[in-house]
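Working notes, beginning with the structure itself.
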Amino acid sequence: MGHNIKHRQFHTKRSLVIYFLKGSLRYFILSIVFASIVSLADLMNPKIIEYTVDSVIGDQPLAAPGFVQRLANAAGGIGFFREHLYLIALLVLGIALLGAVCRYLFMLFDSLGAETFVQKTRDSLFAHIVRLPYAWHSENHTGDIIQRCTSDVETIKLFISEQLMSLFRVVLLIVLSLWFMMRIHVGLALAEALFIPVMVLSSVFFHNKVGAAFEKVDREEGKLSSIAQENLTGVRVVRAFGRETFEQERFMRQNAGYTNLWYHLQLILAAFWTSGNIYATVRNLVVTVLGVVFCVQGSLTAGGFIAFLSYNALISLPVRGLGRVITEMSKAEISIDRLRYIMNAEEEQDGVPVDSLGSLRVQGDIVFSHVSFTYPGRDHEILHDISFTVPAGKTVGILGSTGSGKTTLLSLLNRLYELPDGKEYTESAADSASTSQTAGSTARQPADGSEAVQPACAGTITIGGIDIRKIPRSVLRRQIGMVLQEPYLFSRSLAENIGIACEDVTQAELDRAAEIACLDETIEHMTRGYDTFVGERGVTLSGGQRQRAAIAQMLVRRTPVMIFDDALSAVDAETDARIRQKMQEQIDDATVLLVSHRITTLMHADEIIVMESGKITERGTHEELLAAGGLYARVYELQTREADS
Ligand SMILES: Nc1ncnc2c1ncn2[C@@H]1O[C@H](COP(=O)(O)OP(=O)(O)OP(=O)(O)O)[C@@H](O)[C@H]1O
Ligand SMILES: [Mg+2]
């Protein structure tokens with residue numbers, strides 16, 4: 001849905017934050033405006049008290065800036081205020097109210113900004129992650145990706161909505177307070193100012209320690225919860241093997257270490273707060289003593305002294321908090337980089353505009369031609385020079401020991417993994433195939449003979465004569481129905497699971513698919529039928545039911561090409577035979593690629609291919625392969641003997 005924007009790279013941390021800030025920036029700006037008003041309001045009251053004490057109660061001339069003088073005169077002069085003292089109280093109340101309203105608005109816009117920011121960030125991350133190539137997902141751990149999308153996003157949110165905000169507010173408050181203090185008494189203000197860096201630095205020092213301790217605590221907590229989680233999800237294994245005591249001891253050891261770390265952390269915090277209190281006391285002492293001295297000397301008025309003490313109290317806590325803010329800001333850097341890693345990964349791109357090819361139907365023979373493949377970043381070649389054809393409407397079976405590369409072969413057909421661009425490679429692939437049988441194991445060079453690329457990734461796959469690299473992935477995958485080796489069901493209803501790849505699937509379609517997949521009886525036996533809720537990952541279904549649900553899921557799509565990757569392994573031989581029979585009766589025009597370890601599943605295929613360590617070692621019909629007496633014949637004999645006994 002309009003996501004087809006060109007891939008963009010975020011070269012700096014700032015560019016990423018600015019990108020995520022779209023939509024929430026205006027809230028943050030409003031929030032800053034109101035925060036500034038709050039600070040100003042906070043700073044007003046001491047000033048009013050000063051004027052009141054000195055000029056209203058006392059008899060000194062009003063030492064206020066011109067506009068305040070004019071305002072006071074317009075209202076009726078100092079004498080008027082002296083007679084109507086409640087006016088001053090009302091003024092104080094009014095300013096407090098203004099401050100309260102602005103504080104509310106500041107917090108409102110700040111959280112509005114924060115939540116909008118988080119929403120936008122998560123939406124962008126999700127939209128991006130679901131489009132990242134399969135290879136990226138197999139390299140990155142799900143847990144890690146989820147953590148980046150939750151706690152790292154949270155960290156960045158706090159960085160903007162709390163840390164940056166408080167940094168702004170605290171600095172503004174300190175600067176303005178110091179300015180007001182300077183206006184009251186320069187000497188006293190200088191004494192006050194000397195304490196500020198000391199407090200900020202000591203606070204940074206402690207918070208660095210606290211931060212490091214917190215990190216350790218976090219890590220240990222992660223380990224502790226993964227032990228707990230593993231044991232809860234794997235409770236059957238733990239029980240079955242009688243590992244309760246072992247697991248309990250493991251948990252207790254970890255928990256003891258974890259508790260210890262918390263204890264250590266609390267010690268640091270206690271030291272921080274007590275030392276902070278000592279600083280504050282010393283500072284108050286110095287300011288008070290000096291203030292009294294200046295008062296006696298006559299360079300400071302009583303009102304000024306009171307106002308000064310108010311400012312002193314006003315900035316006391318924010319200054320101590322500044323250290324925490326500064327330390328925590330450094331955490332955000334790491335988090336932003338962790339999100340940048342995700343956002344900079346390249347999405348699957350199709351190059352061809354999908355709409356123009358949306359109606360393209362993938363039909364005809366599927367031809368694998370000299371396909372060799374190595375997983376990205378590995379140096380072990382998985383497929384060596386594979387060539388075979390699945391004629392349109394026919395069925396080809398693949399037998400092969402585990403790890404021989406069958407699933408890999410199918411992933412290539414589906415473009416989950418890519419063969420390199422045809423132009424440079426086809427020639428050399430054809431060359432090496434004709435000159436030597438072992439070509440597959442050596443690194444191939446591009447046609448122009450420049451530097452060597454990844455070892456042996458070559459060949460082409462075509463469907464109906466079209467190179468699959470020229471077919472947009474979405475079109476290709478819409479036409480190829482694949483039942484995965486390990487089907488994955490979502491925790492939704494059975495009907496939703498079966499119809500997951502289609503919009504508006506009809507009941508008739510569901511029934512047809514369920515019938516062919518021999519799932520109809522199972523569904524009838526469930527009290528809620530199609531509405532039965534499937535547990536997480538499909539755990540509430542049996543292995544065979546899960547596989548049949550996956551088959552039905554593919555059948556509703558009515559794709560011209562169907563691929564079964566060992567899709568009947570958990571289904572009993574009898575049901576297996578029934579499913580194959582039904583498919584033959586009802587969908588005989590599909591092109592089918594069938595991977596199985598069971599000879600009875602494969603024996604009716606038009607051609608059977610035997611794979612061993614990434615190479616095709618035998619091929620032919622069931623009878624031909626039996627006569628050849630190779631691996632196929634041996635497996636057949638083994639399986640029939642088993643069945644007999
Ligand atoms: N994503 C991956 N990254 C790196 N290596 C992989 C990846 N997936 C599979 N392999 C390796 O490729 C080889 C072939 O795996 P593949 O899954 O294709 O085997 P298979 O023939 O389907 O086996 P089985 O019958 O057990 O399903 C294995 O050695 C495996 O370790
Ligand atoms: Mg496999």
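Order of listing sets the numbers, starting from 1, for every ligand and every atom in it.
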Which of the atoms of ligand 1 are close to [X], meaning less than 4.0 Å from one of its heavy atoms?
X	result
Ser404	19 (O), 21 (O)
Thr408	14 (C), 15 (O), 16 (P), 18 (O)
Tyr417	1 (N)
His597	25 (O)
Gln485	24 (P), 27 (O)

(request) May I ask you to list the protein N, O or S atoms found at less than 2.8 Å from the Mg ion (ligand 2)? (result) Thr407 OG1, Gln485 OE1
Checking the N or O distance criterion of under 3.5 Å, is ligand 1 in contact with [X]?
X	answer
Ile382	no
Gly403	yes
Thr402	no

Do [X] and [Y] touch side chain to side chain, with heavy atoms closer than 4.5 Å?
X	Y	answer
Tyr134	Glu418	no
Met611	Leu409	yes
Gln639	Thr600	no
Asp337	Arg340	yes

(request) May I ask you to check whether His380 and Tyr375 place their ring centers less than 6.0 Å from one another? (result) no
(request) Answer yes or no for atom 31 (O) of ligand 1: protein heavy atom present at a distance under 4.0 Å? (result) no
(request) Look at atom 14 (C) of ligand 1 and say whether a protein heavy atom is found at less than 4.0 angstrom from it. (result) yes
(message) Applying a heavy-atom cut-off of 4.0 Å, say which part of Arg378 lies close to ligand 1: side chain, backbone, both or neither.
(response) side chain
(message) I'd like to know whether ligand 1 has Gly400 as a neighbour, heavy-atom separation below 4.0 Å.
(response) no
